[in-house]
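One structure is given below, encoded as structure tokens.
One-based numbering, in listed order, for ligands and for the atoms of each.
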Amino acid sequence: MSGTDRITVAIPAKGRLHTGALGLLEAAGFQPETWSERALSLRCTGAPVDALLVRAADIPEYVQDGAVDCGITGADLVLERGADVTEMLRLGFGSCSLQAAVPEESAIVALEELDGHRVATVFPQLTSSLLAERNVFVHICEVSGSVEIAPRIGLADGIVDLVSSGGTLRTNGLRSLGTLLESEAVLVAGKESACSLDGLVTALRSVVEARNSRYLMFNLPAEALDRVAEILPTPGSPSVVPLRSSDHVAVHALVPAGEVWELLPKLQALGASSILLNPVERVLA
Ligand code: AMP
């Protein structure tokens with residue numbers, strides 16, 4: 001559909017990245033007109049955007065070949081395919097790491113000791129190249145799934161696979177030797193995309209940034225303002241609003257969501273009261 005004035009974005013039809021990709025499009029205002037489990041293409045309302053539902057692993061090639069203007073898939077899949085595409089945005093979901101692991105009882109204790117051994121993986125290119133960067137050269141056993149079983153059935157001495165919590169490794173009696181790559185969902189575009197993607201990228205970025213932010217409001221004795229301003233992890237200056245009681249002010253600030261839990265007790269210690277924390281829908285810097 002490239003070449004028309006509608007933007008075609010490929011998203012995973014199912015699997016781990018499907019819900020996150022669809023949810024992100026919806027949060028950015030691109031709501032599918034009709035939704036059915038079996039639909040292969042969704043026309044979005046609110047903007048000239050069509051979502052094409054395909055396999056996550058095929059998206060790098062679809063984007064590279066210009067079959068779609070852009071796509072949402074895992075950074076690991078883009079690298080594995082060696083696709084000639086441009087990463088436009090990290091999307092903040094589908095986080096995982098590509099790790100090497102061996103059976104608990106293995107004598108191998110460091111990544112470097114995998115040299116010369118057999119490694120099972122569904123990521124043959126990435127595994128070879130990331131290990132070679134560390135001067136570790138292995139025999140790759142390419143499998144298409146259930147990698148964790150490979151050492152137990154004697155197919156390999158270790159594995160390289162994606163890990164989120166590490167629970168699957170533990171359940172299968174495997175011990176991590178370390179991380180080769182950190183991955184998450186990304187928006188990628190073709191090098192010669194026929195459409196301008198500025199509007200789509202801005203809309204998606206505004207949601208990704210909003211999800212990482214909270215809007216914080218609190219009252220404060222005016223004399224504590226300088227000390228509070230020093231500890232607020234706010235990009236730019238916080239807003240300070242006068243209150244009817246002249247010795248107090250209200251402070252409004254955008255703060256990183258991940259820092260809130262540490263920040264609130266410090267604010268309280270400095271005299272902050274009536275603290276309100278709100279989610280944010282969009283952030284446009
Ligand atoms: P799918 O095979 O369609 O379920 O998608 C697999 C993609 O989901 C991977 O390539 C990663 O980008 C992402 N992902 C996120 N967490 C994990 C995980 N724990 N295991 C495998 N893939 C993951």
Pairwise ring-ring contact (aromatic ring centres under 6.0 Å, His included) hits with a residue in residues 77-130, at least two apart: none
query: Just wondering, more than 12 heavy atoms not from Glu104 lying within 6.0 Å of its CD?
result: yes
query: In terms of heavy-atom contacts, does OH of Tyr62 have more than 12 from other residues, nucleotides or ligands at under 6.0 Å?
result: no
message: Please determine whether side-chain contact (heavy atoms from CB on, under 4.5 Å) holds for the pair Leu216 and Leu232, giving the CA-CA distance in whole Å, both sets of side-chain angles, and the decisive distance to 0.1 Å.
response: CA-CA 10 Å; Leu216 178 65; Leu232 273 182; 4.3 Å; yes
Please tabulate, one line per pair, the protein N or O atoms found under 3.5 Å from any N or O atom of ligand 1, giving the distance to one decimal.
residue  : atom   : partner : partner atom : Å
ligand 1 : 4 (O)  : Arg16   : N            : 2.9
ligand 1 : 10 (O) : Asp76   : OD2          : 2.5
ligand 1 : 12 (O) : Asp76   : OD1          : 2.6
ligand 1 : 12 (O) : Asp76   : OD2          : 3.4
ligand 1 : 16 (N) : Ser164  : OG           : 3.3
ligand 1 : 19 (N) : Arg16   : NH1          : 3.3
ligand 1 : 19 (N) : Ser164  : OG           : 2.6
ligand 1 : 20 (N) : Arg16   : NE           : 3.3

task: Walk me through it: do Gln99 and Leu177 pass the test side-chain contact (heavy atoms from CB on, under 4.5 Å)?
output: CA-CA 7 Å; Gln99 296 190 15; Leu177 294 175; over 6 Å; no
task: Indicate yes or no: does Glu223 engage Arg227 in a salt bridge with an N to O separation below 4.0 Å.
output: yes
